[in-house]
Amino acid sequence: MNTLFCTLAQSGWPEPMPTGTLFHYLVISAAMFVIGLIGFVTRRNLIIMFLCTELMFQAAGLSLIAFSRFHLNHTGETFVIFVLTVAAAEAALALALVVLLFRRKESLDAERWAELRG
Amino acid sequence: MSGLAGQLAIMHETLGSLALAAGDAAHAQPRFGTGVGAKFDVPRLFGLIPFIPLLACALCGLCAAMKVKTKLPAAITVGCLLASFGLTIGLYAQVHANPGDFAIIHAFEWINFQWGQSEAQSLTANFSFYADSLTALWMLFVTGLATLIALYASEYMSHDVGQGYCRFFMAFSLFVFSMACLVMGDNLALLFLGWEGVGLCSYLLIGYFYKKPSAVAAAKKAFVVNRIGDLGLSLGVMLAFVQFGSLEYAEIFRKAEPFLALARDGQWQDIPWTVQLIPILLTIGAFGKSAQLPLYVWLPDAMEGPTPVSALIHAATMVTAGVYLVARMFPLFLVSEHALTIVAWGGALTALLAATIGMAQFDIKRIMAYSTVSQLGYMFCGLGVMGVMGGPAHVFTHAFFKAMLFLACGAVMHGFAGQLDLRKLSGLGKMPGWRIVTVAMFVGCINLAGVPFITAGFYSKDTILGDAFANPAMVPIGWILLITAGLTAYYTFRVFFRVFVGPAYYEPGDELHAHDDHSHDHAHANKDHGHDSHGHGHSAWQPHPPGWAINTVLILLTILSFAAIVTVFKADGWLYRMVTNSSAGAGIAADHHHKFFGFDAHAAMKVVSGIVAIAGIAVAFVLHYSGRTSAATSKADSLVPMLGPIPRWAQNKWYVDEFYHFLFVRPLWLLSVVFAAIDKVLVDGLVNVFGWVPKALAKTARPLQNGVLHDYALRMAGGVALLLLIIVLMVNRGDRTSAAASIPPTDNSIGTLPAAPAAVDPIAVSLDPIRAKAQEAVR
Amino acid sequence: MVELALANLASPALLYAGCALGAIGIALALPRKGVSPQIVGALIAGAGLGAMLLAIGIVNPRVLPNYHFYIFGFIALGASLRVITHPRPVYAALYFILTILASAGLYVLMSAEFMAFALIIVYAGAILITYLFVIMLATETPTADAVEALSEYDRYSREPVLGSITGLVLLAGLTTLIGRGVGEMQPASIYTNADRIEWLPRKVEQSLRRAGLMLPDEHIARGEPAANGAPGPLLISLNPGPDGAIVGSVTVAYGQAGTKVISSDDPNWPADLGISNPEGVGFTLLADHPGGIEVAGVILLMAMLGAVVLARRKVQLDEDARRDLMARRQSEQLARGGVNEPFAANTPLAPSTLSGNWEGGAA
Amino acid sequence: MNWMLLLLLLPLAGAALVAFMPEKSARQVATLVTLLCCVPFLAMVGQFDWARSGVDQFQTTAVWFEPLGLSFRLAADSITMLLVGLTVLLGPICVVASYTAISERQKTYYAWLLVLQTAMTGVFLARDMVLFYVFFEFTLVPMFVLISLYGSTNRKYAAVKFFLYTFTGSILTLAGLAYVALEAARANGFWSFDFEALKTAARGMTFDQQKWVFIALMVGFAVKVPVFPFHTWLPLAHTEAPTAGSVVLAGVLLKLGTYGIFRFALQFTPVAAYEYAPALAVLGVVGIIYAGLICWVQSDIKKLVAYSSVSHLGFCVIGLFALNGVGLSGSVMYMINHGLSTGALFLLIGMIYERYHTREFKKLGGLASQMPVWSTFMVFFAMASVGLPGLNGFISEFMCLLGTFQAGGTTWTEFGMIPGRFGDASLLPGATFGNLGPWFAAFAAVGMVVTAIYILYMVGKIVWGEFKAPGHSAHAHNHAKGHGHDNHHGAAHADHAHGPLPRDLSGREIAVLVPLAVACLWLGLYPSPVLRTLEEPVAMVVTQVRADVLRNAQAALPADPQTADAHTPALLQQAATITEPGRR
């Protein structure tokens, strides 16, 4: 604890706004990804499941930005644009499908769509 | 017939032309050698002898295909067989001109295979024919009798014109071809071809009336039992090949020469075991084909076939193939210490057993069948006691009179709608049209019974008996044969006295074989059979006596069976020379001068066996002729109770069939059932278990594929997590193994994975142990 | 050294403890049968996050982010936790917007201003609104007495514990691997793309003018014209310097033929001359990944077409779904004690919000 | 003109043609194509240098995939020629035999049949291991389709079992071959799958390596043959397959196994083959008797014949492992002969099935009276199957047995025969190099009797006896008892003929059977020309095996002969006794 406080003091907090390490952002990203994953795995509402995938996209985007920042170029950011593109496309299609599925079953329960069982 | 006459002429011409040593000629000259002389050439024309019948077979097949509804097949067969017989006489003349020598007629290559330089690396068995006097002897009566019987059959089988007629003559011709191959083949493989070929024809002809289950069963039995014998024969052939490096007689005999020398001196221990085994294996084959104990059971059943077939195949020719084999391979039998003893004892026991069964039968054809078995036993004895001549001589004489007996029986059967029961026929001699049959039957019976001095059968049988008593080791066999001779005389004349003399009486059989089996045939229109005589009940039924063909053949055979006396009358006569000038003459015992109660065995037998025969006939006369008033009963019936169950046992063939069925057929069948069950449950079950393993695995894994997205995702995530965990562990291990200090804790790089432990190509890694092992093994 | 040892020892333990706490928290917070203490769960998860961040701090105390990072991080993760734990899809979507906003904050922290705003516009503005529409479109027909009733599938989540454990393992693995290096972030001013300032002569010109280095009648000079008569290149020679600042020179032409060279050594040289974030992104996007843009365009087009096709599809209610629906309505009727009129097997269903579609007849 | 290539491509092109032709003309096209296949084959026969029958001729090589040394390599020696001849002969027969049997989905059927012919021909012609294996496995696909689409009631199960069983076995074969290829690549420094290269490499392996390669090879081939415990797929597949499928299966597909043994097991791993010959021969002998006895209790005719295949191929296997000239050539002859006679039996049974829709012994009988021509053929081919001399079966069976008998083995003593490794040279002068012996031959020869039992059982049941067929057994029986009106009996039965088929065989069916019958007769009465062509290849194999075994044994021979005691492998003791080929 002592160490922590020492380091906090040394860091010149709150100035001059150090960005922190890549690790920090990646941990946030990983945590967000895992939350999204857990959500996808556990929630049964199709729409929330898609939201969870968006969360995972978001986590990926965060880490891309972090890497972009780390490497001091814009490629990562560019890829976030593509992630956004894919997310948008996915949202459009997936939501259309969700609507279709809902019309079929009058339910959004993913467990009811188990026809593909082996 | 001119052929036969020619044969006789030649025979007379050459009587006594051979120089023989003084003394009792039959066993005067002790000789141990292969009996094979030099090779001489004959025209290849004689190679056609077997193939003319084959041509007949093909033509009959053509007739069958063309649906010929005349007697054309019979004509073809008779003609071809006659031609074959003519050629045989020509061959005989050639052989006769070169006594003791042999000729080889090469027809074409059959098996000719050479895969190396040494002798063991070549296998030669061609369609080549070996001609010496033994061949000529056999071929003379095979083709001669076949011609006659084909003629007989042309009438006998006339119900079947347009039906099985072609089939019959096809098989008949094929039989002659096979028999010719058997007899004439110059190698054991060709002999085997003939051997199995006659078996096939026998099968086809026994099963000729294929709608009768008994005929089918009999045919099958004949084939299978013969196959058991053939198994022994084929093993013998193979052993002979491996022993002597060849399948050809000439070569085998040449190679056996040294062993013969050893055998002459009694040095059995110097003769390899394997050589001594060959004749024993061959004996199995011979016993199968010639219906000897323990493989005789098929022959009586074989009487299901048409009578001409019984006469030709199952009495005169095919069944003597075993005798031929022993005679042909006699040099090999001589080098085996026990083979001839086995032959002799097998023959003697069969002779006795068959005679006892024959005494108790009522079916005359069956009696004849058992007498055939019995007489074949005699023939084997004749060879087994090292008398050489007796066996073939008896074959020769027996061929004529037994064929005649069968043909006479066949005439009866033909005329009385299949009736063969001697209790339902009586006094045929008194009926119109049956005289020739009766005479033929009588002649056959006196031959079979061995009535002294006037019958050929007497002389040949007497030779065997004399040889048996002359051989000190075989005296018990002599006694057995003597008893059998008496029994033979009894049951032979039992038939004669019951059926052909006495009060005239008949009951027609249930149905003619042919009519039974071809009820929809077109033979009803045939004039020979009187269309009106069928289908209107038995009251109007009349027996129809034989026609010209049957009568002619019977007359000819009667003449021939008397004529055969000439060949055996003298102990050193024509037959003796025919036999001894071949490989069968390989060994004649020097010391066979055992006395029969102080008399010369041969001379004594002439008297003793004659007495025995007469006695047997007398008993038959008393029991079955004198005072018999009805067909069904005789004085013998009163004797039956006194003997207890023995007559019943004998009538049931001593239950040998049942015994075999119980001992072999049933267990084998059960074994098959067990095997089938094992195959289904164990062998296939094991395979299915292997099939089930993945199935079961799949079944356990299948719930994983439940179609629920979450579970898939969860498993995917879990998999990723697991992989990650593995990577983490690997990385940690790598950290630990590599110097931890070398990586500063504040390295600016994002943790690169440590290098793989040893960068080598994975195939090399995975295979390295094998390679190392291999190298080790090389070292 | 003591600190280092402690860091080495404590950080993995703390890290993993944080992961575990987070997982426990999520597991608690997820909706399920029985009690689902969402606040407790959220607190535990927050504690876990704190533990993790603490652990990171211990590993390398020299480089700590400022408090904005912690605020945005906590908001982002907290909101995402709510996204997955909130039973109502609408709220989940709204929380997701919050996540987006917090993420955008983090983007800004990392000097990705363009992406931060793009994110807010595209995600919060477009995608999430679509989500909201769909959520409203695809809600079960409300029944008379239970307008606000949650669907069964919203109320109960599936295997929260198993999912959390998987997440725990994954997160632990990820953080372990991530933590193998610290990756300190350099100041954002030294973006390597700064050399592309040459491609922006107008920006240089404006900057120089603003700084008073270029007079209104001056303009950047050009080199010799090419042989075919094309104008020669602009004479700008600027490069990122060692400390991130732009160094180099610009040749300026004035009058008829007069030129002068403005060097970065000039004390008036504008300090803010450089490539801004949107400019950098734009360059990268257009110069380095033009194919990607095409692909993205195609993807979007396809998605649009697909969405149109799918939306126009007419579907019928499944047999089993119809049966379920009927049974449900029947039981509801019974529960209401209303008129006991069971549906005949083949009675068409009462038109619902989507009835037009499932009676359409097209398969 | 590359006739081999034409022989491969012609059926394939025919299959494509059939696929695009109207349903009606499928069979005509297939017939034409299969008949046309005779042309390239006859051309090959004409061009083949029979004086050098052991040498691969018409060598054709096209690079396929250079880095791995794969090549499209074809060639033919006399054994290949014989087996290809069998395939070409059976091709049109199968097609023509299916005219009436297959009425639905004809295009698929004939197309696959043609593809199958290509695959089978390819197996025999291939001289590149991978090519061989591709063809070898590819035979399964058409056969699978034929069984599973056109079979009887239980066809799916049979097809799957056939496919999986043989495929599983072949995978081990592939492993063995791949290992050999790897060894060859190690030795040569480059990849090559050429048979000759592989053979050289494989023969250079140690006994330990050879052992495992041999076992791996044998598993696949033994399943294919099938050797005794691996046979259960065969009766099932045969019973369920359509007639032509059974014919091809019995005629050619089973021969792939024996051919594989001959080409690979014996030539690649001679020492192991020699060492394990007794084990394999025991399996062969057990199979002969065991399967033969099982035949006897079958209730289905086709199953009986199927089991008889197992029994018959036991002879083939022991002949192969006799490892001497007579045995090997007998085996090769057996491959041909079994294809002819058993194929014909399947055809005959198929003809019955088409007429009476049953194959049960219980429901059939006495067909001789109704179908004399059929019965004639039946008896003929049954006899060929029994191994009657004068017909083809005998030659091969006898040679297999004789070869086995000759093949060393078995010590003979005064006290009896003790199965041992080598015979006493003085006692059996005609014994050749080999590891079997009289005992094996003696037990195998028992199969002759067993064969007779079950074949005659079959013939007796269905050919002879009172006519009996589904639906009119009682009728026939009554009439047989009567007297007067029986003339119409035969005519009445004509009405019972099913469909377009006449009561007895049609001209087409006779035309199908006659070539087989002629071939049976020819090979039975005049096999000499065929045997001659086998002399050289067989001698080559034997020489190789012998040389390898001796080399191996001598290499392992201890320096001090005194140390050679009971623990010394039998091989060593033999090495001391062998001095020259053949006559020892």
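Below, read A as the first sequence line, B as the second, and so on, with proteins coming before strands; counting in each chain starts at 1.
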If I take atom [atom1] from residue [X] and atom [atom2] from residue [Y], how far apart are they, to the nearest 0.5 angstrom?
{"X": "B:I111", "Y": "D:M333", "atom1": "CD1", "atom2": "CE", "result": "8.5 Å"}
{"X": "D:I294", "Y": "B:S672", "atom1": "CD1", "atom2": "OG", "result": "8.0 Å"}
{"X": "D:I289", "Y": "B:L671", "atom1": "CD1", "atom2": "CG", "result": "10.0 Å"}
{"X": "B:Y210", "Y": "D:F467", "atom1": "OH", "atom2": "CZ", "result": "10.5 Å"}

Flag if over 12 foreign heavy atoms under 6.0 Å of OH, D:Y457: yes

Count the heavy atoms belonging to other residues, nucleotides or ligands that lie under 6.0 Å from NZ of D:K461, then report whether that count exceeds 12. no

Proximity breakdown for [X] and chain B, heavy-atom pairs closer than 4.5 Å:
{"X": "D:M448", "value": "both"}
{"X": "D:Y307", "value": "side chain"}
{"X": "D:L164", "value": "neither"}
{"X": "D:V530", "value": "neither"}
{"X": "D:L391", "value": "neither"}

Among [options], residue most engaged with chain B (heavy-atom pairs, under 4.5 Å):
{"options": "D:A441, D:G460, D:S329", "value": "D:S329"}
{"options": "D:V373, D:L388, D:V446, D:V379", "value": "D:L388"}
{"options": "D:W296, D:F230, D:W233", "value": "D:W296"}
{"options": "D:L402, D:T376, D:V160, D:V542", "value": "D:L402"}

For [X], is it the side chain, the backbone, both, or neither that has a heavy atom closer than 4.5 Å to a heavy atom of chain D?
{"X": "B:L247", "result": "side chain"}
{"X": "B:L190", "result": "neither"}
{"X": "B:N226", "result": "neither"}
{"X": "B:W195", "result": "neither"}

Donor-acceptor pair, distance only, cut-off 3.5 Å: does the side chain of B:W110 make one with the backbone of D:G524? yes

Check whether any side-chain N or O of D:E535 sits under 3.5 Å from a backbone N or O of B:W115 as a donor-acceptor pair, and report yes or no. no

Looking only at non-hydrogen atoms, find the nearest pair between [X] and [Y] and report the distance.
{"X": "D:Q406", "Y": "B:V242", "result": "CG-CG2, 3.7 Å"}
{"X": "B:V237", "Y": "D:F398", "result": "CG1-CZ, 4.0 Å"}
{"X": "D:A445", "Y": "B:L235", "result": "CB-CD2, 4.2 Å"}
{"X": "B:V683", "Y": "D:Y290", "result": "CG2-OH, 3.6 Å"}
{"X": "D:L531", "Y": "B:N112", "result": "CD1-N, 4.4 Å"}
{"X": "D:G465", "Y": "B:V216", "result": "N-CG2, 4.0 Å"}

For D:L456 and B:Y203, run side chain to side chain contact (heavy atoms under 4.5 Å, CB included): C-alpha distance rounded to whole Å, both residues' side-chain angles, the deciding distance at 0.1 Å, then the answer. CA-CA 10 Å; D:L456 294 188; B:Y203 169 77; 3.6 Å; yes

Quick one: of [options], who has the most non-hydrogen atom pairs under 4.5 Å with chain D?
{"options": "B:L682, B:L231, B:V674, B:I228", "answer": "B:L231"}
{"options": "B:L668, B:V673, B:L123, B:I678", "answer": "B:L668"}
{"options": "B:N688, B:V225, B:D230, B:L686", "answer": "B:N688"}

Could you tell me whether the side chain of D:K161 reaches within less than 4.5 Å of the side chain of B:V687, counting heavy atoms only? yes

So B:F192 and D:F394, ring-ring contact (aromatic ring centres under 6.0 Å, His included) or not? Walk me through it. CA-CA 10 Å; B:F192 194 70; D:F394 169 72; 5.5 Å; yes

Go through it in stages, so that I can follow the logic: the residues are B:L200 and D:V386, the test is side chain to side chain contact (heavy atoms under 4.5 Å, CB included), and I'd like the CA-CA distance, side-chain angles, deciding distance and then a yes or no. CA-CA 11 Å; B:L200 168 73; D:V386 165; over 6 Å; no

Between B:F690 and D:Y165, is the ring centre distance below 6.0 Å? no

Short N-O contact, B:K212 and D:E466, less than 4.0 angstrom: no

Might you work through the side chain to side chain contact (heavy atoms under 4.5 Å, CB included) test for D:M399 and B:F113, ending with a clear yes or no? CA-CA 10 Å; D:M399 287 181 77; B:F113 182 71; 4.0 Å; yes

Working note: B:K220 + D:I453, criterion side chain to side chain contact (heavy atoms under 4.5 Å, CB included); need CA distance, chi angles, decisive distance, verdict. CA-CA 8 Å; B:K220 193 168 84 179; D:I453 291 176; over 6 Å; no

